[in-house]
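The figures that follow rest on heavy atoms only: side chains count, while hydrogens, waters and symmetry mates do not. None of these values were measured; they are calculated from a predicted model. Below, chains carry the letters A, B, ... as their sequence lines are ordered, and counting in each starts from 1.
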Amino acid sequence: MTDSAKPTLLVVDGHSLAYRAFFALPVDNFTTKDGQHTNGIYGFLSMFVNLVKAEQPTHLAVAFDTSRHSFRTDQYAEYKANRSESPAEFKGQIPLLQECLAAMNVPVLTQEGIEADDILATLATQGAAQGFDVLVCSGDRDTIQLVTDDVTLLYPSVQGVSQLKRYTPDAVVEKYGLPPANYPDIAALVGETSDNLPGVPKVGEKTAVKWITQWGSLDALLDNADKITGVVGGNLREHLDDVRRNRSLNALLRDVDLGIGPADLAVQPIDAQAVRDIFARLEFRTLLPRVFDAVGVDAETAAASAAPAVAAPVPTELDAPGLTAWLAAAGETEVAVTVTIDGGMPARIGLATADAAVESRWSEETAAALGPWLESESPKVLADAKPQVKALRRAGVRLRGLVFDPILAGWLLRPSFPDKRLGDLVDRYLDEKLPEADPTQLVPETEGATPGQLSWYILRVTEAMRGELPASVAAVLSDIELPTLDTLADMELAGVAVSHEKLSGFSAELGARADAVAQLAYAEIGREVNLGSPKQLQEVLFEQLELPKTRKTKTGYSTDAAVLADLQESNPHPFLDLLLQHREATKLRQIIESLDTAIGNDRAIGADGRIHTTYVQTGSQTGRLSSTDPNLQNIPIRNEESRRIRAAFEVGEGYDTLLTADYSQIEMRIMAHLSGDAGLIEAFNSGEDLHRFVGARVFGVDPADVTPAMRTKVKAMSYGLVYGLSAFGLSKQLRIEQSEAKLLMTEYFARFGAVRDYLRSSVAQARIDGYTETIFGRRRPFPDLASPNRVLRENAERAALNAPIQGSAADIMKIALFRIHDELRRRELRSRILLQIHDELVVEVAPGEWDAVEQIVHDRMGDAAELSVPLDVQIGRGENWDVAGH
DNA sequence: ATCACCACGTA
DNA sequence: CGTACGTGGTGATA
């Protein structure tokens with residue numbers, strides 16, 4: 001039992017315990033979606049938080065080995081030489097575990113040439129001398145020698161890392177028959193297989209203890225070795241040097257110069273935000289509350305632990321004249337604005353400057369007082385501005401002067417785990433807790449922040465974030481994202497007209513076909529199964545029909561379309577084709593149904609015969625938009641039948657026609673620009689079809705002699721390049737031998753070598769910087785480029801190779817998007833942008849405006865960026881999206 | 001109800 | 001063993 005008056009020092013051998021956890025926990029249950037194994041990290045942290053909670057140490061450190069090399073291997077090259085290389089799946093976990101500990105503000109100690117246990121021994125010795133109760137936690141038996149009245153060893157049992165056995169001096173005597181200080185003597189005689197230290201043959205623990213007890217010490221025993229009788233006596237005499245060597249090596253260093261001592265290891269409050277971040281990356285969910293619990297902070301208040309929160313001002317409720325006066329006083333200072341929304345319309349509005357907050361109900365009078373200021377260039381900050389901008393527009397107010405949106409800024413800073421709510425940003429950048437009402441309570445204990453208070457927080461978060469925004473990222477925010485936000489609000493409000501009649505007719509047709517095909521399929525196999533269930537299909541295909549097993553998935557064997565097509569080729573069966581037909585019909589029908597229910601589904605607008613998607617501006621890691629509710633960026637186009645869906649997207653009433661505009665090969669053009677490859681640049685400047693031009697070069701023929709097969713091959717190669725395609729992937733896609741794919745790549749790079757050089761150097765630069773950058777300065781971090789896990793690292797390499805290309809294309813499209821929007825408005829044209837599908841725009845053109853609109857769209861897309869190759873824009877026109885898209 | 005997984009639509 | 005997304009069904013969990 002520890003004396004509660006004494007401070008408690010807990011020192012842990014991180015490496016050995018994580019290694020035990022690695023083997024104790026099934027790796028399959030502890031792997032992130034990217035493929036990072038986390039079982040060792042999880043097991044260690046799980047044990048560690050239990051330990052901290054149970055022991056309540058006042059001082060704490062975790063030690064790690066630096067490498068296999070140490071002063072012991074210098075003395076004896078065979079030391080631990082029998083140990084096999086630790087698995088790669090484990091190695092990669094140590095740096096991540098150290099990151100977790102750093103986030104928890106737990107000191108991580110390492111020393112070149114010194115093993116973790118020597119660090120433990122040094123700290124334990126110093127701690128005991130300085131009046132600490134010391135707890136040593138290690139999986140290495142040599143640490144038994146450290147046990148004294150002041151030092152207790154916690155040793156993992158064979159059952160697992162969570163069961164720790166306490167070794168006090170009494171417990172050591174009970175188990176080994178000798179006091180802790182003599183344990184190394186026994187170990188030296190017996191030997192330690194795991195350290196590759198052979199002992200005296202035929203001498204086990206029993207004999208060793210007997211000898212030491214008899215002679216009092218190892219030295220005395222060795223001095224009197226000639227007095228030992230029998231075979232073991234002879235063995236001892238023959239292995240005296242081994243025993244001396246073992247004893248020398250198993251003595252832990254107690255005087256390592258660590259530069260710090262036990263007193264420097266006082267337990268620190270954890271960095272709750274950092275813990276959340278690293279746990280999110282490792283996909284640990286249940287561990288988070290346990291960590292907060294162990295350190296005495298509950299998860300909800302953890303964020304507020306460090307800094308004392310400044311109380312938000314109590315906002316003053318103002319009427320219309322009050323608002324006018326307040327705004328006049330605010331002048332041109334930056335004001336944060338929060339609009340609450342009810343039924344799509346503004347309900348309340350809160351305004352804040354650095355030292356004051358006011359708010360008001362939205363009414364005709366207050367709107368009239370606020371309108372001119374909201375529509376002025378006076379600088380404003382809104383968090384997640386788009387829905388608020390939309391609500392204001394519905395109320396007839398066009399917000400201008402938006403200079404910052406912390407949600408967008410947060411996404412630009414960390415696109416992989418964007419903070420979605422203001423509360424997340426308050427946690428991260430202010431280290432405070434945003435007051436939020438508990439939605440589960442009818443009468444919440446804590447009131448949620450009011451709009452005025454929210455605005456006050458927004459302003460403070462903004463100030464904190466500006467300090468962290470690199471200039472190039474700040475420029476992306478103000479020059480690209482904020483103007484885009486404004487445009488997207490109008491696009492979402494406009495919506496796109498979709499014909500319910502066309503859709504419902506087609507849906508019924510497909511439904512009837514799906515049913516008929518299903519009946520035929522059932523007949524083929526003699527029973528009814530759920531054709532939508534991969535699990536049931538596996539039974540049919542691989543058990544009943546005994547078709548060859550296909551690509552493995554996590555839960556069995558794949559039944560996807562590519563696999564079924566392969567099966568149809570090798571083992572033709574009518575069921576396969578029927579299944580494919582059924583899949584196609586049901587998939588199309590499902591898309592149609594979801595579109596149909598989305599028509600006029602926007603509560604705020606009512607049924608207007610149009611679909612209003614939501615563009616998620618923070619929806620990608622590369623800078624692209626995403627589209628939800630419904631997703632209008634994945635409407636089918638590939639085959640004739642699916643185009644009937646596009647035909648249902650029509651020009652709306654009061655408008656004349658739809659215009660589609662798309663960039664042709666924008667990513668390859670960006671590649672040409674970034675790589676500066678003379679051949680590729682020439683290809684785009686020549687006016688020749690890109691793939692024909694490239695094909696001619698690669699195959700050494702005239703452009704006119706490039707066959708369709710050649711064109712297909714170089715086209716696949718060109719597109720694949722942007723994604724980091726391998727020879728294996730290329731051969732699979734083109735269904736050619738790997739050797740041929742390899743040859744194709746060789747020939748391609750022989751002609752377009754600068755492309756390869758660029759791709760390589762861009763990944764290399766990302767490895768140095770830790771992030772990639774688009775032409776316009778948008779960044780994307782890639783921590784996994786440094787991972788020792790090959791799969792993880794190579795995935796990161798491909799994504800890093802793609803990010804500047806896809807991201808630059810997204811930047812260019814956004815620039816074109818808002819410039820078109822702005823010019824249409826400036827010239828007071830009624831025509832409006834409806835949709836953005838990454839490299840395509842759909843515009844609704846008002847009567848008499850075609851020529852002007854076509855010109856604007858073409859030119860603004862064409863001159864959105866100045867590259868070393870032209871940006872080619874294809875324009876289409878028609879009464880519906882299908883026709884216009886041709 | 002919520003989650004993971006599979007499958008599949010787009011650029 | 002090619003990047004970036006969102007949706008919907010199934011089947012296993014709670």
Looking at [N], I'd like to know if its phosphate oxygens (OP1 or OP2) sit under 4.0 Å from a side-chain N or O belonging to [X].
{"X": "A:Gln738", "N": "C:dC1", "result": "no"}
{"X": "A:Ser726", "N": "C:dG2", "result": "yes"}
{"X": "A:Arg624", "N": "C:dG6", "result": "no"}
{"X": "A:Ser558", "N": "B:dA7", "result": "yes"}
{"X": "A:Thr555", "N": "B:dC6", "result": "yes"}
{"X": "A:Lys535", "N": "C:dA12", "result": "yes"}
{"X": "A:Arg798", "N": "C:dC1", "result": "no"}

Residue met sooner reading DNA chain C from 5', once A:Ser533 and A:Pro415 are mapped to nucleotides:
A:Pro415
Give one of base, sugar-phosphate or nothing for [X], where a contact means two heavy atoms less than 4.0 Å apart.
{"X": "A:Gln590", "answer": "sugar-phosphate"}
{"X": "A:Ile637", "answer": "sugar-phosphate"}
{"X": "A:Thr586", "answer": "nothing"}
{"X": "A:Arg589", "answer": "nothing"}
{"X": "A:Asp662", "answer": "nothing"}
{"X": "A:Ser642", "answer": "nothing"}
{"X": "A:Glu840", "answer": "nothing"}
{"X": "A:Glu667", "answer": "nothing"}
{"X": "A:Ala561", "answer": "sugar-phosphate"}

Rounding to a whole Å, what distance do you find between [X]:[atom1] and [N]:[atom2]?
{"X": "A:Glu584", "N": "C:dG9", "atom1": "CD", "atom2": "P", "result": "18 Å"}
{"X": "A:Ile645", "N": "B:dC8", "atom1": "CD1", "atom2": "P", "result": "16 Å"}
{"X": "A:Met671", "N": "B:dA11", "atom1": "CE", "atom2": "P", "result": "19 Å"}
{"X": "A:Leu588", "N": "C:dT7", "atom1": "CG", "atom2": "P", "result": "18 Å"}
{"X": "A:Lys33", "N": "B:dC3", "atom1": "NZ", "atom2": "C1'", "result": "15 Å"}
{"X": "A:Glu797", "N": "C:dC1", "atom1": "CD", "atom2": "C1'", "result": "13 Å"}
{"X": "A:Arg735", "N": "C:dC1", "atom1": "CZ", "atom2": "C1'", "result": "17 Å"}
{"X": "A:Ile670", "N": "B:dA11", "atom1": "CD1", "atom2": "C1'", "result": "13 Å"}

Proximity to the side chain of [X] - top-ranked nucleotide from [options]:
{"X": "A:Ser620", "options": "B:dA7, B:dT10, C:dC5", "answer": "C:dC5"}
{"X": "A:Lys554", "options": "B:dC5, C:dG2, B:dG9", "answer": "B:dC5"}
{"X": "A:Asn631", "options": "C:dT7, C:dC1, B:dC6", "answer": "C:dT7"}
{"X": "A:Ala799", "options": "C:dG2, C:dG6, C:dA4", "answer": "C:dA4"}
{"X": "A:Ile591", "options": "C:dG11, B:dC6, B:dG9", "answer": "B:dG9"}
{"X": "A:Arg551", "options": "C:dG6, B:dA7, C:dG11", "answer": "B:dA7"}
{"X": "A:Asn802", "options": "C:dA4, C:dC1, C:dG11", "answer": "C:dA4"}
{"X": "A:Ser626", "options": "C:dC5, C:dG2, B:dC6", "answer": "C:dC5"}
{"X": "A:Tyr723", "options": "C:dA4, C:dT3, B:dT10", "answer": "C:dT3"}
{"X": "A:Asp839", "options": "B:dC8, B:dA11, C:dG8", "answer": "B:dA11"}

Under a 3.5 Å cutoff, is there a donor and acceptor pairing between the side chains of [X] and [Y]?
{"X": "A:Glu797", "Y": "A:Asn795", "answer": "no"}
{"X": "A:His37", "Y": "A:Asn789", "answer": "no"}
{"X": "A:Ser642", "Y": "A:Asn639", "answer": "yes"}
{"X": "A:Ser416", "Y": "A:Arg281", "answer": "no"}
{"X": "A:Tyr748", "Y": "A:Ser718", "answer": "yes"}
{"X": "A:Ser507", "Y": "A:Glu593", "answer": "yes"}

Using distance only, find each side-chain donor-acceptor pair of residues 755-762 of chain A under 3.5 Å and give its atom names and separation, not counting sequence neighbours.
unit_1   : atom_1 : unit_2   : atom_2 : d
A:Ser761 : OG     : A:Asp757 : O      : 3.2
A:Ser761 : OG     : A:Tyr758 : O      : 3.0

Does A:Arg780 qualify as a cation-pi partner of A:Tyr771, given the criterion of NZ or CZ under 6.0 Å from the six-membered ring centre and within 45 degrees of its axis?
no
Looking only at N and O atoms, is any donor in the side chain of A:Arg583 or the base of B:dA7 less than 3.5 Å from an acceptor on the other one?
no
